[in-house]
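Here is the structure we will look at.
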There are 2 protein chains.
Amino acid sequence: MAEETVSAALTLKDIAREAGVSLATVDRVLHNRPGVRPDTVRRVQETIARNAFQPHVAAAELARGRARRFAFVMPSGPNPFMQQIEAYLGEMSAWLLARRLSVEMVATDVFDPSVLAASLDALSGDYDGIAVVALDHPGVRVAINDLVEAGTKVVTLVSDVPSSRRHHYVGIDNIAAGRTAGALVGRLVGQKSGKIAIIAGSQGLRDHAERIFGFNQVMASEFSHLDILPLLEGRDEDGRSEQLISRLLGKHPDIIGLYNVGAGTQGVAKALTEAGREKQIVFIAHDLTAMTRKLLLQGTLDVAISQNPGHEARAAVRVLLSLARNEPILSEQEKIRIDILMRDNLP
Amino acid sequence: MAEETVSAALTLKDIAREAGVSLATVDRVLHNRPGVRPDTVRRVQETIARNAFQPHVAAAELARGRARRFAFVMPSGPNPFMQQIEAYLGEMSAWLLARRLSVEMVATDVFDPSVLAASLDALSGDYDGIAVVALDHPGVRVAINDLVEAGTKVVTLVSDVPSSRRHHYVGIDNIAAGRTAGALVGRLVGQKSGKIAIIAGSQGLRDHAERIFGFNQVMASEFSHLDILPLLEGRDEDGRSEQLISRLLGKHPDIIGLYNVGAGTQGVAKALTEAGREKQIVFIAHDLTAMTRKLLLQGTLDVAISQNPGHEARAAVRVLLSLARNEPILSEQEKIRIDILMRDNLP
DNA sequence: GGTATTTTGAGGTACGCAACTCATTTTGAG
DNA sequence: CTCAAAATGAGTTGCGTACCTCAAAATACC
């Protein structure tokens, strides 16, 4: 009778034996520690590659002892989107605890570059990884690069700083989001012709500017028969947005579409319903909140374009963890999709 | 100077001390082993709860030694959707290896209840968890229940068997998907009136039947001015679907909307373009493949309703793993969304 | 009361790796 | 060839849990 061939998973010891070196040397190679001849490094790495060896993540985690600390740098003040991210992190607490990970929230004024940069500087050295809702500004870029230089893993969240050396961006392509909004407005107004209104928080916000850009791109190239009204800026405030839209509706009885790029959706909706035109005007906005959900079900809001905040929170944690462990990232998994939410596919 | 308060994570030893029992007893409680007085069990559990203690997953994983084995029971034959799931599992191979997990594919005729049930029976005892694309049939239900009874974790994938004792379902709500399709057709045809065509693989397939149900529901309640043509059955084959649609288009010059419930989208698209009516007719189908992607970009297909196969593959693995570890499941994370994909939000 | 049974304690081993020390060997420069 | 520096080997310890054995204590039963 043949002996049973037990294909037990390989261990570092097996790699050491096969490469003809000691465990200590394999360990040095694996962690880029100095004191190994380039020749030997190659030999060990080849053995690892040939056997498709992966260190047992549980053993590695257990052996390193210290827990990993991550920080989420988020805007201060009451921002529903950010509050959702925080809530989803809370839902993960058992998951985090079982892995001995700690995630701390750091609130700061992310809209002031020097304040944000100072906040980031202050975190240096204390954390293994940092997720930050960042403004794209030279000072912030430098602060991020300093963190990376010091060995901290950095992930930008929701808003990217592409010119920095951050390891990863967790968020959507806002130009594509704007294009999606444009295509939906154009398609949903049907054969009618008329005016399209567009309101944003501010053109100075990178994500808003990008959405507007994508929106205009599609409107110009595919729905040029529609008349786009000049952009309004509502500063993401309900009151101001309502005022602006009310006035606009009064002036233009032939508005058939409305795109709200940023927050303040409640104000916009109020203006629409008070004018009694919520059924005639195609209304598209961003993000799924309790309020936009209600508006979708009522029919006031036709489409909500959304990025899943739960997914973003979890993806940021997973990416930071993979980076800290020197594990490959499942890019498909961590990519944030542009969700088109209508009444019937509400999650 | 005050001593530093090191808040090291709790261990089983700490729980044992605080509960006034030995490590062995805590272990017995934690793993539901017999030989502990109910009174003591409660005391230990309370201590665990009071401290929000979570066993260190890495230590637990390392200590148990044996690797976990999972099986994916999938339809045999060339099914692009299933091939995608397989491909995504392949992308996870490093991730799986690092956790010493093995995932094996088992192809079978999932459309024959007795064959499927026999396949499931044959797997009993060999696996820690099984994900299965299951037919909803009494024989299959029994096979699933037997597996659960024997301690195997079972997850239904894409197609559910709600009456069984499976631990979890990874897939979408197909009624909601049909409703979404209906709402989109209704909205996108605009003010026009005319006929709506609908073609499915077979009404006998549970997912198809559910989508049709949802679709008709919305059409009846909200777009009753549209004339729904009798359902065609294309058996998910391109050739047959093309024939059926060609004939239908010839008979009805006033078709303005078309919903393909199942596969065979290529055939349907061919019939549309050969009739030269791909721009006039709103066309909605399911799933994102290389082909539907092309059709979306061309404008032949207006919307693809999709469930992310990568997400489904990963969610199934994660859920099986969490179940095997007796860990809580992050339900938000594992919920599969109904994706509305248009040209501008293609992933 | 004594005996059988149940419950609990004490302790050990193993899992695979990180991180470290110290001794030894090899290499390279002069 | 000599000596210093670099490279490598050999070994230890500890991480927190699972799983096991055996003895001791507590309890139940008659």
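Below, chains carry the letters A, B, ... as their sequence lines are ordered, and counting in each starts from 1.
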With a 4.0 Å cutoff (strictly under), does any side-chain N or O of B:Thr25 reach OP1 or OP2 of C:dT7? no
Base, sugar-phosphate or nothing for B:Gly65? Non-hydrogen atoms, less than 4.0 Å. nothing
Between A:Thr40 and D:dA7, is there a side-chain N or O to OP1/OP2 distance below 4.0 Å? no
Just how far, in rounded Å, is P of C:dA10 from CG of B:Asp27? 15 Å
Answer yes or no: side-chain N or O of B:Arg100 and base N or O of C:dG16 forming a donor-acceptor pair under 3.5 Å. no
For A:Glu104 and A:Tyr127, does a side-chain donor sit closer than 3.5 Å to a side-chain acceptor? yes
Is the phosphate of C:dC15 approached by A:Thr11 (side-chain N or O, under 4.0 Å from OP1 or OP2)? no
Name the residue closer to the 5' end of DNA chain D, choosing between B:His56 and B:Arg28 according to the nucleotide with the nearest heavy atom. B:His56
For the side chain of A:Val21, starting at C-beta, report the closest nucleotide among D:dC19, C:dA18, D:dG9. D:dG9
d(CD1, B:Ile15; P, C:dT8) in whole Å: 17 Å
Euclidean distance, atom CG of residue B:Asn32 to atom P of D:dC19 [Å, nearest integer]: 12 Å
Spacing between A:Leu30 atom CG and C:dC17 atom P, to the nearest angstrom: 9 Å
Candidates D:dT17, C:dG9, C:dC17 - which lies nearest the side chain of B:Ala60: D:dT17
So for A:Arg64 and D:dG14, does any side-chain atom that can act as donor or acceptor lie under 3.5 Å from a complementary atom in the base? no
Sequence neighbours left out, what passes side chain to side chain donor-acceptor pair (under 3.5 Å) with B:Ser164? Give chain and number order. none
Would you mind reading off the distance between A:His31 atom NE2 and C:dC17 atom P, rounded to a whole angstrom? 10 Å
Less than 4.0 angstrom between a side-chain N/O of B:Arg66 and OP1 or OP2 of D:dC19, yes or no? yes
Could you let me know what C:dT25 is paired to, Watson-Crick or G-U wobble, both distances under 3.5 Å, or none if it's on its own? D:dA6
Integer-rounded Å distance: C:dT7 C1' and B:Arg33 CZ: 15 Å
When rounded to the nearest 0.5 Å, the distance separating CD1 of A:Ile172 from NE2 of A:His311 is 12.5 Å
With the side chain defined as heavy atoms from C-beta on, B:Ser22 is closest, among D:dT17, C:dG9, C:dC17, to C:dG9
How long is the line joining CZ of A:Arg37 and P of C:dG28, in whole Å? 7 Å
Testing C:dA19, C:dC17, D:dG16 for proximity to the side chain of A:Leu62, the answer is D:dG16
To the side chain of A:Ala63, which of D:dG9, D:dC19, D:dC15 is closest? D:dC15
Just checking, is any N or O donor in the side chain of A:Arg314 or A:Gln333 under 3.5 Å from an acceptor N or O on the other one? no
Quick check for you: among D:dA10, C:dT27, C:dA18, whose closest atom lies nearest to any side-chain atom of A:Ala24? D:dA10
Matching residue for A:Val132 among A:Thr108, A:Leu116, A:Val158 - test: side chain to side chain contact (heavy atoms under 4.5 Å, CB included): A:Leu116
Roughly how many Å is it from NZ in B:Lys13 to P in C:dA10, rounded to a whole number? 13 Å
Taking it one step at a time, do B:Leu89 and B:Phe72 satisfy side chain to side chain contact (heavy atoms under 4.5 Å, CB included)? CA-CA 10 Å; B:Leu89 287 175; B:Phe72 272 59; 3.8 Å; yes
